[in-house]
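A short write-up of the structure that comes next.
If you're wondering where the values come from, they're calculated on a predicted model, not measured in any experiment. Sequence positions, counted from 1, serve as the residue numbers for this chain. In each ligand, atom 1 is the first atom listed, and ligand 1 is the first ligand listed.
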Amino acid sequence: MIEVNHLYHSFYVGKKNRRQEVSVLKNINLNIEAGEIVSIVGRSGSGKSTLLNLLSGYIKPSSGEVRIQGENVTNFTESQWAGFRADHLGFIFQSFQLIPSMTSFQNVELPLVMQGVPDKQRKQKVAEIFKRVELEGLEGHYPSELSGGQQQRVSVARALVVNPPIILADEPTGSLDNETEAELLAFIQQLNKEEGITFVIITHDEEVASIADRTVRLEGGSILEEEEMSR
Ligand SMILES: Nc1ncnc2c1ncn2[C@@H]1O[C@H](COP(=O)(O)OP(=O)(O)OP(=O)(O)O)[C@@H](O)[C@H]1O
């Protein structure tokens with residue numbers, strides 16, 4: 001489902017005449033099967049976010065290859081990536097990344113607007129998703145009028161509304177209390193089991209890693225180990 005072959009990435013920092021190469025990912029090889037939950041762990045600066053950004057096309061690798069659902073996405077243009085992301089990938093972030101000036105309904109509707117889905121179908125789909133994530137009654141609330149847990153549910157709803165086969169999550173529980181975290185993790189497991197959604201989750205949190213089938217540990221930009229978990 002997601003295949004990463006001999007992936008290297010360097011950033012260049014500093015002024016033009018003193019540019020320095022910072023090698024951030026080194027020879028990453030990873031094969032994520034459909035229906036897996038994979039957690040990516042590692043110390044701050046080990047390259048986790050860079051890897052996720054490479055899997056979602058926000059940065060281009062220095063070398064190596066990324067294939068998603070059989071498609072070689074490595075050299076996609078910006079607009080190819082935009083289309084591919086809209087059809088294949090959902091995102092969940094620690095900071096939710098909701099648009100503050102839009103209601104929760106409008107936030108969830110936005111990916112469908114971008115896909116050009118007709119109004120009536122959009123409204124129907126968003127209403128279904130609100131029921132699914134138990135947010136009914138909060139459609140008209142702005143993000144600032146919601147609790148952290150509710151905001152995260154809106155962001156999960158936004159990720160789910162286009163039925164993506166893959167969800168990429170960056171510290172999804174980082175801003176949540178223990179109870180809300182447990183609810184989100186149970187929901188992720190449910191989505192994985194019932195809908196076969198593949199999850200790749202960056203985390204510092206042992207609880208999150210414990211719902212994963214497999215944990216990939218990065219150290220200094222390399223995969224240190226991969227650990228199979230028995231769920
Ligand atoms: N745009 C950039 N330009 C230069 N260096 C960068 C850039 N983005 C990340 N880095 C460097 O790459 C390394 C890995 O960063 P990355 O954000 O991938 O780590 P991380 O494991 O996600 O860390 P954290 O857990 O703190 O989020 C760090 O040394 C960071 O300083």
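Counting protein heavy atoms only, atom 17 (O) of ligand 1 is closest to Ser49 CB, 3.7 Å. Residue, atom and distance of the protein heavy atom nearest to atom 24 (P) of ligand 1 are Ser44 OG, 3.7 Å. Looking from atom 21 (O) of ligand 1 to the surrounding protein, the closest heavy atom is Lys48 NZ, 2.9 Å. The closest protein non-hydrogen atom to atom 18 (O) of ligand 1 is Thr50 OG1, 2.6 Å. Protein heavy atom in closest approach to atom 6 (C) of ligand 1: Phe11 CD1, 3.3 Å.
Which parts of ligand 1 touch Arg43 is read off a 4.0 Å heavy-atom cut-off, strictly below it: atoms 21 (O). Listed by number with element, the atoms of ligand 1 under 4.0 angstrom from any heavy atom of Ser46 are 19 (O), 21 (O). Close approach of ligand 1 to Val13 is summarised as follows: ligand atoms under 4.0 Å from at least one heavy atom of the residue are 4 (C).
For atom 29 (O) of ligand 1, the nearest non-hydrogen atom from the set Ser10, Gly45, Ser23, Gly14 belongs to Gly45.
No donor-acceptor contact under 3.5 angstrom links the side chains of Glu65 and His6, judged on distance only.
Put simply, atom 31 (O) of ligand 1 has no protein non-hydrogen atoms near it, under 4.0 Å away.
Looking only at side-chain heavy atoms (C-beta outward), Leu54 and Leu25 come within less than 4.5 Å of each other. Residues Pro165 and Gln69 are in side-chain contact: their nearest non-hydrogen atoms beyond the backbone lie under 4.5 Å apart.
Looking at Ile166, Val200, Asn31, Ile68 one by one, the single match for side-chain contact (heavy atoms from CB on, under 4.5 Å) with Met1 turns out to be Ile166.
In the displayed structure, Asn178 atom CG is contacted under 6.0 Å by at most 12 heavy atoms of other residues, nucleotides or ligands.
Relative to the ring axis of Phe91, Arg85 does not place its NZ or CZ within 45° and under 6.0 Å from the centre.
Using a 4.0 Å heavy-atom cutoff, His204 is listed among the residues neighbouring ligand 1.
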Please output the side-chain donor-acceptor pairs of residues 7-14 that fall under 3.5 Å, not counting sequence neighbours, one pair per line with the distance.
unit_1: His9; atom_1: ND1; unit_2: Lys60; atom_2: O; d: 3.2
unit_1: His9; atom_1: ND1; unit_2: Ser62; atom_2: N; d: 3.4
unit_1: Ser10; atom_1: OG; unit_2: Glu21; atom_2: OE2; d: 2.7

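Taking CD of Gln189 as the reference point, atom CG of Leu184 lies at 10.5 Å (rounded to 0.5 Å).
Ligand 1 has no N or O atom lying under 3.5 Å from any N or O atom of Val24, backbone or side chain.
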